[in-house]
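For reference, the structure is listed below as structure tokens.
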Amino acid sequence: MSSCCSVNVTELKGNYISERKNIFYPYSEITFNDTAFFYTYRAGLQYKESQGRWSIENNYIVLNSYDYCKNDCLIVEEKQSQDKPYIQLKINLNGDKLPLPGWSIKINESKEYLHTDSEGKIYFEDNIQINSIAVFSIGLSQKNSKYIIKDKKANIFEIDLIMENQYKYFEKEKMKLNAKFLKFADHTNHVKYLKQ
């Protein structure tokens with residue numbers, strides 16, 4: 001394989017499997033052909049997959065998933081009401097909508113996290129203009145958890161969180177290749193992929 005200084009397309013192509021410390025360790029696999037990639041991830045009952053195009057930029061392998069892999073986790077109903085304004089977060093499990101208490105939400109790019117109450121709600125003052133809502137939780141991708149408000153007059157936002165989606169969406173996601181393994185450039189992801 002190539003050094004980390006340059007990526008050889010011919011040598012890159014093939015199948016890579018994550019290094020596993022034991023049978024309980026998450027399993028991941030990525031395959032590169034001429035221009036496309038296929039990615040899978042398994043950890044317990046969780047399964048994710050992605051397909052898309054890859055390219056080389058500044059000696060990084062850059063992944064961009066196809067649009068159908070977009071993980072549209074948040075479905076938001078915007079309403080105008082005379083009632084006290086609120087955001088409500090629920091999870092949609094097989095058609096049943098259950099409130100999500102104790103979840104973290106940011107409003108308008110704020111640095112402050114707000115937490116949902118026992119009904120999955122966060123109340124806010126009438127004079128606050130909501131432009132965006134971001135939901136944060138383990139297992140929910142930050143890239144796909146932000147919603148931009150469409151109706152600037154709306155003051156009630158009922159959010160359904162869809163967690164059944166099996167796809168992972170990569171947007172300009174970078175990977176590095178060195179002589180021994182392939183890995184994501186994101187320092188929080190320590191998984192190493194070995195060529196088969």
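As the structure is a prediction and not an experimental result, all values here were calculated from the model. Nothing fancy with the numbering, it's 1 onward along the sequence.
Atom NZ of Lys153 has 12 or fewer heavy atoms from other residues, nucleotides or ligands within 6.0 Å.
Expressed to the nearest 0.5 Å, how far CD1 of Ile133 lies from CG of Leu74 amounts to 9.0 Å. Atom CG of residue Asn15 and atom OG1 of residue Thr31 lie 3.5 Å apart, to the nearest 0.5 angstrom. Put simply, CD on Gln51 and OG on Ser65 are 9.0 Å apart, with the number rounded to the nearest 0.5 Å. Note that the CG atom of Asn155 and the CD atom of Glu125 stand 12.0 Å from one another [nearest 0.5 Å]. We find the CZ-CH2 distance between Phe170 and Trp54 to be 15.5 Å, quoted to the nearest 0.5 Å. Rounding to the nearest 0.5 Å gives a distance of 8.0 Å between CZ of Phe124 and CD1 of Ile156.
Judged by distance alone, the side chain of Asn108 and the main-chain N or O of Gln129 form a donor-acceptor pair under 3.5 Å. With hydrogens and angles ignored, the 3.5 Å screen pairs a side-chain donor or acceptor of Thr116 with a backbone N or O of Gly102. Without hydrogens or angle criteria, Ser50 side chain to Tyr167 main chain gives no donor-acceptor distance under 3.5 Å. In this structure, the side chain of Asn58 does not engage the main chain of Tyr60 through any donor-acceptor pair within 3.5 Å. Put simply, the side chain of Lys195 gets close to the backbone of Glu11: a donor and an acceptor are under 3.5 Å apart. Listed for the Glu77 side chain is no donor-acceptor partner under 3.5 Å among the backbone atoms of Ile75.
Between Glu119 and Asp117, the shortest heavy-atom contact is N-OD1, 2.9 Å. Here the shortest heavy-atom pairing between Tyr193 and Lys183 reads CD1-CA, 4.5 Å. Scanning all heavy atoms of the two residues, the minimum distance from Tyr169 to Asp67 falls at OH-OD1, 4.0 Å. Taking each heavy atom of Cys69 and Lys168 in turn, the nearest pair found is CB-O, 3.9 Å. In terms of heavy-atom proximity, Val191 sits nearest to Ser18 at CG1-CB, 3.5 Å. Among all heavy-atom pairs drawn from His115 and Ile122, the shortest one is O-CG1, 3.7 Å.
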Going through the checks in order, is the side-chain contact (heavy atoms from CB on, under 4.5 Å) test met by Tyr147 and Lys150?
-> CA-CA 9 Å; Tyr147 179 79; Lys150 295 173 178 63; 3.4 Å; yes
Between Arg53 and Ser55, does a side-chain contact (heavy atoms from CB on, under 4.5 Å) hold up when you go through it step by step?
-> CA-CA 7 Å; Arg53 298 282 180 185; Ser55 60; over 6 Å; no
With side-chain contact (heavy atoms from CB on, under 4.5 Å) as the test, would you mind laying out the steps for Leu182 and Ile61 before giving the verdict?
-> CA-CA 10 Å; Leu182 177 72; Ile61 301 142; 3.5 Å; yes
Walk me through it: do Asn131 and Ile148 pass the test side-chain contact (heavy atoms from CB on, under 4.5 Å)?
-> CA-CA 6 Å; Asn131 298 310; Ile148 305 298; over 6 Å; no
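Taken together through direct or relayed side-chain contacts under 4.5 Å among Ile, Leu, Val, Met, Phe, Trp and Tyr, Val76 and Leu98 form part of one hydrophobic cluster. Ile56 and Tyr39 fall within a single hydrophobic cluster, where Ile, Leu, Val, Met, Phe, Trp and Tyr are joined by side-chain heavy atoms under 4.5 Å apart, directly or via other members. Note: the hydrophobic cluster containing Leu12 also contains Ile30 (ILVMFWY, side chain heavy atoms under 4.5 Å, direct or indirect links). Clustering ILVMFWY residues whenever any of their side-chain heavy atoms sit less than 4.5 angstrom apart, transitively, puts Val62 in a cluster other than the one holding Met175. Taken together through direct or relayed side-chain contacts under 4.5 Å among Ile, Leu, Val, Met, Phe, Trp and Tyr, Leu114 and Ile128 form part of one hydrophobic cluster.
Using modelled atom types, one finds a donor on one side chain and an acceptor on the other under 3.5 Å when comparing Glu29 with Tyr27. Side chain to side chain, Asp151 and Gln80 meet the donor-acceptor criterion of an N or O pair below 3.5 Å. Glu158 and Tyr86 are linked by a side-chain donor-acceptor pair at a separation below 3.5 angstrom, with hydrogens and angles left out of the test.
Taking the centre and axis of the six-membered ring of Tyr41, the NZ or CZ atom of Lys48 falls outside the cone set by 45° and 6.0 Å.
Salt bridge absent: Glu112 and Lys106 never bring a charged side-chain N and a carboxylate O closer than 4.0 Å.
Side chains of Ile149 and Ser132 form no contact here, defined as non-hydrogen atoms less than 4.5 Å apart. At least one side-chain heavy atom of Gln88 sits under 4.5 Å from a side-chain heavy atom of Lys90.
Taking the six-membered ring where the residue is Trp, Phe32 and Tyr16 present perpendicular rings, their angle passing 60° and hence far from 30°.
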